[in-house]
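Heads up: numbering here begins at 1 and tracks the sequence.
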Amino acid sequence: GLSFNDVVIDPKPEDTEKPVTATAETFDNLTYILKIARKKAGGDYHVSFAVSGEPPRQRVAEKGEKPEEKERSDKEFRAEEGLEPVTQVLTGSVPERLLIEEDDLKFWVDPYQGLKTGFYLDQRTTRRKLRHLIQPKARVLDAFSYTGSCAIAAARGGASVVCVEQDEAFIELAKENARVNGVSDRIEYVAGDAFYWLNAKADEGAQFDWVMLDPPALIKAKAGLTKGRQALHHLLVQSLKLLAPEGELVLHVCTYHLLGLVEEIVRIAASSQGLRLQVRDQWLQAEDHPWILQVLASRYLMSWHYARC
């Protein structure tokens, strides 16, 4: 695939006082389809890419393919800067569905309505870890499962998985992904709000060997820090209630302002349930979504693997 190392934004000369920022994580590549998102005002002036090796169009042409580029700059960040949402095909024709491959797994991707590029490419490290860690016949809960990629990784190893996802369109795509990977019989789907579902199942005394927790960004700004802490604490308390003895928890946090507080929040939640947790592992987003030390927000996704002890 093509690798974007950096994004350089050059504002108009007459507007140099306006802050302009962009991060590499807004650019993802799906096979030969490049999807672009401009979050900030500066991106509407000029964007140039520093690409590993040759320019993407040239590399695609050498493979006998036509470049297909789509822009989906429709996030709320644009409204904050007075910008209208923009969704357009820049070159070629981008299909409504793409079938991509990751290792020996296949996934259908919706580049028009899906989150980010339509697939969490930055969670590749997690999926590979899960396939080595989760044992056959394990009972797995995948909360906020999106299109089921982590659930499918677990199910391919023989686990039985319950996926909880609020968006029914994502559940339908997850079912298609399960079928194409031959694991439909190992995955159960629940259409509902994971916050409430976790509460209900904890009250019922349900138990899982693994709980995978991947909530969306809980807050958008530092001003909401207290609210974000409370929301994550609540999710963790209910998730820990569902962990069987010797059960294991995989937690993903993409809320930038909470990243430095996660271990404290987990410790408090575990203590409230009288549990001791061992930290088995910790990792960042996949390496092709680099953490640039001088770009603070480029460390935007962190994952932890905990086990009851």
Side-chain angles (χ1 to χ4, degrees), residues 1-6 23-31 35 52 98-109 114-135 138 140-159 161 163 165 170 174 177-178 181 183 187 209-217 232 236 239 247-256 258-260 262-263 266 277-293 295-307:
L2 308 177
S3 175
F4 289 94
N5 285 340
D6 200 359
T23 63
E25 57 96 2
T26 62
F27 296 83
D28 277 331
N29 180 64
L30 297 176
T31 61
K35 186 170 172 185
S52 296
L98 310 169
L99 185 63
I100 67 171
E101 294 184 10
E102 181 180 88
D103 300 326
D104 60 342
L105 299 178
K106 296 181 180 180
F107 299 100
W108 284 105
V109 175
L115 303 177
K116 297 184 70 176
T117 57
F119 188 73
Y120 290 159
L121 296 169
D122 48 10
Q123 289 277 25
R124 182 173 61 257
T125 302
T126 297
R127 289 184 287 272
R128 288 175 176 167
K129 286 179 179 290
L130 292 175
R131 295 189 68 180
H132 289 289
L133 290 169
I134 297 181
Q135 299 299 311
V140 178
L141 168 62
D142 184 9
F144 307 96
S145 61
Y146 187 37
T147 58
S149 64
C150 287
I152 288 166
R156 275 293 286 267
V161 188
C163 287
E165 170 56 51
F170 294 158
N177 286 333
N181 287 286
V183 295
I187 303 180
D209 301 309
W210 286 79
V211 173
M212 301 187 293
L213 196 59
D214 188 13
L232 183 56
L236 285 164
S239 298
E248 303 186 50
L249 169 71
V250 175
L251 170 66
H252 309 292
V253 177
C254 64
T255 306
Y256 172 74
L258 289 177
L259 292 181
V262 169
E263 292 174 13
V266 172
L277 296 179
Q278 177 187 5
V279 181
R280 292 281 179 87
D281 199 359
Q282 180 182 8
W283 60 94
L284 297 175
Q285 67 263 17
E287 61 185 12
D288 56 354
H289 293 62
W291 175 15
I292 308 300
L293 192 59
V295 183
L296 298 181
S298 64
R299 185 189 66 153
Y300 68 95
L301 173 65
M302 294 184 68
S303 303
W304 289 261
H305 173 198
Y306 297 100

Identify the two heavy atoms, one from [X] and one from [Y], that lie closest to each other, and give their separation to 0.1 Å.
X	Y	result
Ser239	Leu249	CB-CD1, 4.5 Å
Leu301	Cys254	CD1-CB, 4.1 Å
Cys150	Leu130	CB-CD1, 3.8 Å
Pro216	Thr255	O-OG1, 4.0 Å
Ala178	Ile187	CB-CD1, 4.1 Å
Ser145	Cys163	OG-CB, 3.4 Å

Quiz question: by atom type and distance under 3.5 Å, do the side chains of [X] and [Y] form a donor-acceptor pair?
X	Y	value
Thr147	Trp108	no
His305	Gln282	no
Gln285	Trp291	no
Tyr120	Asp214	no

With a sphere of 6.0 Å drawn around CD of Glu287, does it hold more than 12 non-hydrogen atoms of other residues, nucleotides or ligands?
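Atom CD in Glu287 is not crowded, with 12 or fewer foreign heavy atoms closer than 6.0 Å.
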Note, [X] side chain near [Y] side chain (heavy atom, < 4.5 Å):
X	Y	value
Val253	Met302	no
Leu213	Leu236	yes
Lys129	Thr126	no
Leu251	Ser303	no
Phe119	Leu98	no
Trp304	Val250	no
Leu141	Val161	no
Trp210	Leu133	yes

To the nearest 0.5 Å, tell me how far Glu248 CD sits from Asp281 CG.
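So the CD of Glu248 and the CG of Asp281 are separated by 11.0 Å.
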Rounded to the nearest 0.5 Å, what's the gap from CG on Leu99 to NZ on Lys106? Could you check?
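Interatomic distance, Leu99 CG to Lys106 NZ, rounded to 0.5 Å: 6.0 Å.
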Could you go step by step and tell me if Tyr306 and Val279 meet the side-chain contact (heavy atoms from CB on, under 4.5 Å) rule?
CA-CA 5 Å; Tyr306 297 100; Val279 181; 3.6 Å; yes
Should the ring pair His252 and Trp283 be called parallel, tilted or perpendicular, given that the plane angle runs from 0 to 90° and is split at 30 and 60?
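Ring orientation of His252 relative to Trp283: perpendicular.
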Parallel, tilted or perpendicular: which describes the rings of Phe170 and Tyr146, with under 30° parallel and over 60° perpendicular?
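Plane angle over 60°, so perpendicular.
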Working note: Ser149 + Asn177, criterion side-chain contact (heavy atoms from CB on, under 4.5 Å); need CA distance, chi angles, decisive distance, verdict.
CA-CA 8 Å; Ser149 64; Asn177 286 333; over 6 Å; no
Among Arg156, Arg127, Arg128, find the residue that satisfies the salt bridge (Lys or Arg N to Asp or Glu O under 4.0 Å) test when tested with Asp104.
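Testing Asp104 for a salt bridge (Lys or Arg N to Asp or Glu O under 4.0 Å) against Arg156, Arg127, Arg128 leaves exactly one candidate, Arg156.
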Stepwise, does the side-chain contact (heavy atoms from CB on, under 4.5 Å) test hold for Asp122 with Tyr300?
CA-CA 10 Å; Asp122 48 10; Tyr300 68 95; 2.6 Å; yes
Is there a side-chain contact (heavy atoms from CB on, under 4.5 Å) between Ile134 and Val140 once you walk through the steps?
CA-CA 9 Å; Ile134 297 181; Val140 178; 3.9 Å; yes
Test Asp288 against Arg124 for salt bridge (Lys or Arg N to Asp or Glu O under 4.0 Å), laying out the working first.
CA-CA 10 Å; Asp288 56 354; Arg124 182 173 61 257; 3.1 Å; yes
